[in-house]
Chemist: 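First, the structure itself, so that you have it in front of you.
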There are 2 protein chains.
Amino acid sequence: MKNTQPPRRTQAERTRASREKIIRSATETFAQKGFRGAKMADIAKAADLTEPGLLHHFPSKTHLLMEVLKERDRVDSERMQVTLQKNGYRFLDAQAELVEHNQTVPGLVQLFNLLVAESISPDHPAHEFFIERYQRERGQCIQAIALAQKNGEVRSDLPAETLVILMFAMMDGLQVQWLMEPDKIDMAGLFRVMMDMLKGKTGQ
Amino acid sequence: MKNTQPPRRTQAERTRASREKIIRSATETFAQKGFRGAKMADIAKAADLTEPGLLHHFPSKTHLLMEVLKERDRVDSERMQVTLQKNGYRFLDAQAELVEHNQTVPGLVQLFNLLVAESISPDHPAHEFFIERYQRERGQCIQAIALAQKNGEVRSDLPAETLVILMFAMMDGLQVQWLMEPDKIDMAGLFRVMMDMLKGKTGQ
DNA sequence: CATAACTTACCTAAGACAAGGTAAGTAAGT
DNA sequence: ACTTACTTACCTTGTCTTAGGTAAGTTATG
C-alpha cells in the first residue's frame with residue numbers, strides 16, 4: 001500500500017513551485033497592505049508555509065519585495081511589447097490598452113500605487129527602484145512620442161517630455177480614484193479622453 | 001533666585017500649545033512614514049513628550065491621525081475660499097494656484113499622497129474619510145465647472161464630471177512624480193498646461 | 001546500481017526587539 | 001480640594017529573524 005506519492009516531484013520542481021506560490025501570495029499581500037503593513041506570517045500562510053519556510057527561499061522581507069517588483073516589471077514589459085505590436089506601434093493607443101488591461105488586475109494596480117507612495121521616503125527599500133523605474137519609462141516614452149509627433153499622430157505644440165509626464169500623471173491619478181470607487185470611475189474611458197487630448201483633438 | 005519661571009503659562013495655553021506641537025510633529029511623521037510606518041514614540045519625541053504624555057492628549061494613534069486630517073482639511077478649505085476670491089472665482093485658475101502653493105509644502109503633499117494610497121485598504125482608519133472626501137470635493141467641483149462651462153471659460157464638449165475627474169487625477173499624478181524628483185518636475189507649470197487643455201485651448 | 005555523503009526544503013521553538021497602550025503617581029495650575 | 005499635564009515603570013502583543021533539526025531528493029563513489 002504505497003499511497004504516499006501524490007507530490008512525487010523533483011527538487012527543482014518543488015523549488016520553482018514554492019517560489020512561485022510565495023511570489024504570488026506576497027504580491028497579493030503587499031498590494032493590500034503595502035510593504036510595512038504586510039506581515040511575513042500572512043504571506044507564509046497564504047503560500048502554505050511557515051515563516052522560516054518562506055525565509056528559506058527569500059532571505060528577508062526586503063529581498064522578497066524586490067523579487068516581487070522585478071518579476072512584475074518583467075511580466076509587464078513583455079506584455080507591453082505585445083500590445084505595442086498589436087496596435088501597429090501607435091504608442092498612445094498601446095498605452096490606452098494597457099490601462100484597459102489594468103482594469104482587470106486591481107490587485108496589481110494597488111500594489112504599485114501603494115508602493116510608489118511608500119517608496120518616496122528615502123529609507124524605503126524600493127526607493128531607488130521606483131525612481132529608476134520612472135526615469136527609465138519616461139526616457140523610453142519620450143522617444144516613442146517624439147516619433148509619433150513626427151508622424152502627425154500626436155500634437156506637436158508641446159514637447160514630448162511634457163506629454164509623457166502628463167500621460168503618466170493621468171495614469172497614476174486615475175488609478176487612485178478608480179481603486180477607491182471602481183464602479184464609479186471608468187478608468188480606461190477617461191484615459192482615452194486624455195489620450196485624445198494629447199493627439200490634438202479638441203472637439204471644441 | 002526664582003529663575004524657574006520661563007514657561008509660566010496658564011493651563012489652557014499649555015494644552016493648546018501641546019496639542020499644536022503634537023499635531024505638527026504627527027503631520028510630519030505621518031507624511032514621511034504613513035500611518036502604519038509612523039511610530040508614536042517618534043511623534044512624541046518630536047513634540048518633546050513621552051509616549052503616555054502624548055496619549056494624554058489623543059487617546060490613540062488612530063484618533064491622532066483623524067485629528068491631523070481634519071485639521072488639514074479645515075486649513076485647506078479656508079485657503080481655497082481665499083484663493084477662489086483672489087482669482088475672481090475662475091475655478092480652474094484657483095486650482096492652478098492651489099497646485100502652485102502645494103509646491104511650497106512638500107511635507108503635506110506627501111502626507112495626503114501616502115495616506116490616500118494606504119487608505120484604499122478597507123481596514124485603514126482613514127478609509128471612509130478619504131472616500132467621503134473625494135466624493136465631496138468632486139461634487140463641489142462639478143458645480144463650479146458646470147458654471148464655468150456656461151460662462152464659456154471651460155470647454156463644453158465634455159461633461160463637467162469628466163473634467164473634474166481628469167483634473168483631480170492630474171493633480172494627484174503630478175504630485176507623485178514631483179515628490180520623487182522635485183527639481184525635475186515643474187508641477188505647477190505642467191498642471192497649468194492641463195488646465196489650458198480643459199479650457200479648450202489646443203494651440204494646434 | 002547501491003549506498004554513503006551531501007544538499008535542499010522545509011519544520012518547531014524560541015530570541016529579540018519594537019510598539020501601542022495602561023497604571024499609578026507627582027507637580028503645577030485653578 | 002480638584003483638575004490637568006504630564007512622568008516612570010510596566011504589560012502585551014506582534015513581527016522579523018535565527019537555531020537547530022528532520023526528511024526527502026541528488027550526486028559521487030566503490
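Numbered from 1 within each chain, the chains take letters A, B, ... in sequence-line order.
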Chemist: Looking only at the side chain of B:Met40 (C-beta and beyond, no hydrogens), which of the listed nucleotides C:dT30, C:dC10, C:dG20 gets closest?
Modeler: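 Among C:dT30, C:dC10, C:dG20, the one nearest the side chain of B:Met40 is C:dG20.
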Chemist: For residues 105-132 of chain A, which residue pairs qualify under salt bridge (charged side-chain N to carboxylate O under 4.0 Å, His left out), counting only residues two or more places apart or in two chains?
Modeler: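 Applying salt bridge (charged side-chain N to carboxylate O under 4.0 Å, His left out) to every pair that reaches into residues 105-132 of chain A, excluding sequence neighbours, yields A:Asp123-B:Lys33.
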Chemist: Measure from NZ on A:Lys39 to P on D:dT13 and round the result to the nearest Å.
Modeler: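 So the NZ-P distance, A:Lys39 to D:dT13, works out to 16 Å.
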Chemist: Do the charged groups of B:Arg136 and B:Asp73 touch, with an N to O distance under 4.0 Å?
Modeler: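 Salt bridge present between B:Arg136 and B:Asp73.
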Chemist: Going by the salt bridge (charged side-chain N to carboxylate O under 4.0 Å, His left out) test, which pairs reach into residues 165-188 of chain A, not counting sequence neighbours?
Modeler: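 Qualifying pairs, neighbours excluded: A:Glu181-A:Lys184, A:Glu181-B:Arg138.
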Chemist: To the nearest 0.5 Å, what is the distance between CZ on B:Arg72 and CZ on B:Arg133?
Modeler: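 CZ of B:Arg133 is found 10.5 Å from CZ of B:Arg72.
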Chemist: Mind running a 4.0 Å heavy-atom check of residues 41-67 of chain B against DNA chain D and sending the residues that fall below it, in number order?
Modeler: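 Under 4.0 Å from DNA chain D: B:Leu49, B:Thr50, B:Pro52, B:Gly53, B:His56, B:His57.
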Chemist: Hey, are B:Arg16 and B:Glu13 close enough for a salt bridge, meaning a charged N less than 4.0 Å from a carboxylate O?
Modeler: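 No.
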Chemist: Can you measure A:Glu13 atom CD to C:dT7 atom P for me and round it to whole angstrom units?
Modeler: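 Rounded to whole Å, this separation is 22 Å.
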Chemist: Measuring from A:Arg155:CZ to A:Asp196:CG, what's the distance to the nearest 0.5 Å?
Modeler: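 Answer rounded to 0.5 Å: 11.5 Å.
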Chemist: Only distances under 3.5 Å count here; give the side-chain donor-acceptor pairs of residues 91-103 of chain A to other protein atoms, sequence neighbours excluded, each with its distance to 0.1 Å.
Modeler:
residue: A:Asp93; atom: OD1; partner: A:Lys199; partner atom: NZ; Å: 2.9
residue: A:Asp93; atom: OD2; partner: A:Arg90; partner atom: NE; Å: 2.7
residue: A:Glu97; atom: OE1; partner: A:Asn87; partner atom: ND2; Å: 2.8
residue: A:Glu97; atom: OE2; partner: A:Lys86; partner atom: NZ; Å: 2.7
residue: A:Glu100; atom: OE2; partner: A:Arg192; partner atom: NH2; Å: 2.9
residue: A:His101; atom: NE2; partner: A:Arg79; partner atom: NE; Å: 3.4
residue: A:His101; atom: NE2; partner: A:Arg79; partner atom: NH2; Å: 3.2
residue: A:Gln103; atom: OE1; partner: A:Met187; partner atom: N; Å: 3.1
residue: A:Gln103; atom: OE1; partner: A:Ala188; partner atom: N; Å: 3.2

Chemist: Distances under 3.5 Å between protein N/O atoms and the N/O atoms of nucleotides 4-6 of chain C, please, pair by pair.
Modeler:
none

Chemist: On DNA chain C, compare the nucleotides closest to B:Ala38 and A:Ala12; which residue's is nearer the 5' end?
Modeler: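 Nearest-nucleotide comparison on DNA chain C picks A:Ala12.
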Chemist: Going by the rule side chain to side chain donor-acceptor pair (under 3.5 Å), which residues pair with A:Ser60 if we only count those two or more places apart in sequence or in a different chain?
Modeler: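 Per chain and number, A:Ser60 pairs via side chain to side chain donor-acceptor pair (under 3.5 Å) with A:His63.
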